[in-house]
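Here's the structure we're looking at; comments come further down.
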Amino acid sequence: MPQTRAVFLGAGIHSSLGNGVDANIAGLKNPPTAPLILKNTVTNEVLDIPYKLLAQTSLEDINERAYTVVLDVIEQAMTEAQLNPEQRQHMGLFIGSSSFDISVTEALYQQELQFVGDDAIALRNPSFGNLADYLIQTLDLHGEDYNFNTACSSSANALIAATAQVEAGLIDYALVIGLELHNNVTALGFHSLDLLTSSAMKPFDVQRDGLVLGEGVSALVIGPAPDGNKPYFYLRGSACLSDTFSITATNPDGSMIYKVMTDALADSEVSTDNISAIKVHGTASLRNDESEAAGMNQAFSTLPSLCAIKPFIGHTLGACGLNELILFYRSVEAGFLIATPGIGIDTGALELQLNQHYSAVAPGNFMLNYFGFGGNNTSLIISNLAQEDLS
Amino acid sequence: MKAYIVATGAYCENIDADELPVLKPLVKEASGRSVRRIGRFIELALIGAGRAAVQKLDHTAVYLSSGRGDIEVTVNVLNSLFYQNQAPRPQTFINTVSNAATFYVAQCLGLQGASSFITSRYFSLEMGLKSACFDLSRGQIESALVGAVDIVSLPLSTHRQRLGITATTPVAEASHWLQLVAKPDQHAVLASVEPIQQFPNRQLLSTWLQQQNFEDGTQLANGQYMADDEAAEWLAETKLPPFLYRDNIGHFDSQVGRALCQFVKSDIAALVYINRDPRGRYTVILLKR
């Protein structure tokens with residue numbers, strides 16, 4: 001056990017449920033709503049793309065939108081964490097995203113095509129570090145920055161790295177960011193892969209037929225707990241492993257999902273009996289949900305409550321690690337376990353059921369799972385148990 | 001945060017014509033396999049990683065960095081969408097995720113540890129290397145393959161504009177990899193990576209350098225983002241001879257990889273590598289025999 005726990009000091013989030021933690025938690029108390037169906041006209045045909053877009057933010061001013069939203073959620077997290085200017089300046093910056101600023105790149109290329117035609121250059125000054133570089137300048141940050149691009153596990157992996165650095169004493173505080181915004185590369189890429197639903201996102205349900213893309217930007221400040229008795233959440237343990245079965249899907253026998261979950265449990269020194277609930281990855285694709293169910297059923301003789309968050313905010317891809325973590329732990333702090341009434345009751349041969357009722361939840365250990373393209377599987381164990389209750 | 005280099009793998013070639021060298025034979029030679037439906041970025045990753053992975057360690061973790069990422073596949077997708085008005089092909093879209101390259105490295109080399117694509121705008125490989133060394137030192141992993149890949153996309157004139165370099169700047173493709181272990185006792189160690197330092201300003205770096213007692217034969221390599229006059233000032237301040245690693249190689253974004261691999265091949269006692277970004281932050285890598 002580390003000498004200093006890196007606890008979750010402050011969070012900010014903007015998703016389809018709303019802007020700010022409170023708005024999001026309020027949104028989670030209602031059943032998931034149907035996605036918007038965006039009419040994408042980039043190709044030679046009109047394509048229906050189901051999307052959960054950011055609440056109260058239009059798809060305009062794309063050149064500025066990403067920066068405006070991310071600065072806003074950072075401010076939410078910073079305000080809640082109550083760091084002083086010097087602490088802010090020396091934080092480490094850890095960003096996880098699938099797409100980073102590709103929405104801006106797309107917009108600039110489209111504008112250039114309009115003005116100079118064939119002389120337009122796609123992808124000017126590309127780097128996954130551009131967003132971090134902007135934040136370093138704008139917020140006058142002096143610490144190191146790390147940018148993770150490991151598909152759907154990106155921001156979960158960013159959190160793991162940030163936590164390790166704080167707990168080792170390399171940095172005092174870390175700012176972790178997850179970011180996923182609407183872009184055509186992602187929308188039409190998932191359309192090409194035939195992974196989008198024609199209705200709503202129903203993980204593990206016999207009626208599941210694919211995912212809904214989602215926008216979501218979140219920020220989490222972690223660091224040592226201030227004096228006081230508040231029971232903070234923290235990352236108790238984790239594991240990240242490569243599954244080389246297929247670049248798009250985990251091994252359907254569940255073996256690699258079983259392995260990453262059991263490694264995370266071992267890293268946390270927690271037994272399956274002491275996991276109060278699991279936040280599933282749940283992409284609602286036929287094959288990936290089968291693999292995930294198989295892995296969970298191998299790891300747990302009796303499954304705890306299972307919560308799915310993607311029906312509420314869509315699949316926010318590389319940002320889902322942090323978006324779903326914040327929504328999950330803040331709903332527990334708000335006194336309820338996330339439920340998806342009507343979704344995942346009948347799961348057929350998958351032998352599990354998603355939580356259907358907004359039940360109260362005691363302090364405990366919780367598992368959060370993320371499985372991404374490229375075989376990047378990550379499992380987190382978070383806890384809000386007080387130090388004396390850890391054994 | 002100390003780690004030990006047990007192997008290196010490098011590929012670095014100037015691209016001076018609007019034709020790119022064929023990489024498939026080199027991929028097969030380095031990784032032992034022919035891999036279909038991959039682009040140059042993944043091919044370069046396989047060449048460098050395959051050459052570095054001379055010791056087969058099953059639970060090796062992969063840390064890949066890149067200054068600019070897979071330009072080729074991303075440009076293809078953007079052109080497909082906005083120029084040809086067509087949705088990307090499924091395989092092309094999948095390869096836009098940067099960890100597609102780490103997937104193929106892990107699959108071809110039979111690795112089952114963690115894999116990550118980690119970068120930073122001006123310290124791409126530096127941050128990947130620091131992450132790997134940190135994970136090794138805290139016992140999270142036992143060995144790591146750490147690399148940086150930078151590709152060229154044609155035409156060259158567009159590539160230069162894309163990167164914001166002058167029309168006459170030579171360009172190169174590169175893939176530089178290090179195989180690291182946490183414990184040196186069971187391996188033939190080529191060099192050690194001392195704890196990687198970062199400084200938020202010049203003054204703190206200067207103070208740190210004054211506190212060091214570099215052994216005889218240590219050389220100083222200045223990073224690619226440092227202006228020539230500042231590089232000369234660090235040489236004067238440290239009184240260390242320069243380590244010349246760029247030779248006649250053209251521009252690519254992760255030149256630190258070349259410096260580290262060249263040092264390991266040399267007979268120099270120790271290397272101090274200093275890079276800075278335009279925000280005035282510095283990173284220092286110290287390698288010793």
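Every chain is numbered from 1, with letters handed out A, B, ... down the list of sequences.
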Below 4.5 Å from any heavy atom of chain A, which atoms of B/F134 appear? Answer side chain, backbone, both or neither. side chain

Does CZ belonging to B/R202 count more than 12 external heavy atoms closer than 6.0 Å? yes

Just wondering, are more than 12 heavy atoms of other shown residues or ligands nearer than 6.0 Å to CD in B/Q84? yes

For each of A/G318, A/G372, A/A164, tally heavy-atom pairs with chain B at distances under 4.5 Å, and name the one with the top tally. A/A164

Pairs under 3.5 angstrom only: tabulate donor-acceptor contacts from the side chains of residues 189-196 of chain A to other protein residues two or more places apart or in another chain.
{"unit_1": "A/S192", "atom_1": "OG", "unit_2": "A/L188", "atom_2": "O", "d": "3.1"}
{"unit_1": "A/S192", "atom_1": "OG", "unit_2": "B/P88", "atom_2": "O", "d": "2.6"}

So CG of B/L111 and CG of A/L241: to nearest 0.5 Å the spacing works out to 12.5 Å

Report, in residue-number order, which members of residues 115-131 of chain B are under 4.5 Å from chain A by heavy-atom distance. B/S115, B/S116, B/F117, B/I118, B/T119, B/S120, B/R121, B/Y122, B/M127, B/K130, B/S131

Rounded to the nearest 0.5 angstrom, the NE2-CD1 distance for B/H159 and A/I121 is 11.5 Å

Looking only at B/N79, B/N95, B/T102, B/V97, the option with the highest number of non-hydrogen pairs under 4.5 Å against chain A is B/N79

Straight-line distance of A/H142 NE2 to B/F199 CZ, nearest 0.5 Å: 15.5 Å

In terms of heavy-atom pairs under 4.5 Å with chain B, which of A/N157, A/T378, A/L131, A/I136 leads? A/I136

Part of residues 254-263 of chain A lying next to chain B, heavy-atom separation under 4.5 Å: none

Contact list (residues 94-111 of chain A to chain B, heavy-atom gap under 4.5 Å, by number) returns A/I102, A/T105, A/E106, A/Y109, A/Q110

A/T43 OG1 to B/F82 CZ distance, which is reported to the nearest 0.5 Å: 10.5 Å

In terms of heavy-atom pairs under 4.5 Å, which option from B/I94, B/T96, B/T158 contacts chain A the most? B/I94

Please confirm whether the backbone N or O of B/L81 pairs with a side-chain atom of A/N184, one donor and one acceptor, at under 3.5 Å? no

So with a 6.0 Å cut-off around CD of B/Q197, is the heavy-atom count from everything else above 12? yes

Taking only Lys NZ, Arg NE, NH1 and NH2, and the carboxylate oxygens of Asp or Glu, determine whether A/D145 and B/R281 approach each other closer than 4.0 Å. yes

Give, as side chain, backbone, both or neither, the part of B/L64 having an atom under 4.5 angstrom from any heavy atom of chain A. neither

To the nearest 0.5 Å, what is the distance between CZ on B/R37 and CD1 on A/I247? 9.5 Å

Using modelled atom types only, decide if a donor and an acceptor are shared between the side chain of A/R124 and the backbone of B/R162 within a distance under 3.5 Å. no

d(A/S153 OG, B/N99 CG) to nearest 0.5 Å is 6.5 Å

Mind checking whether B/L163 and A/N125 have side chains closer than 4.5 Å, heavy atoms only? no

Would B/R279 and A/L141 count as a side-chain contact (heavy atoms from CB on, under 4.5 Å) if you check the C-alpha gap in whole Å, the side-chain angles of each, and the deciding distance to 0.1 Å? CA-CA 9 Å; B/R279 318 295 157 231; A/L141 304 179; over 6 Å; no

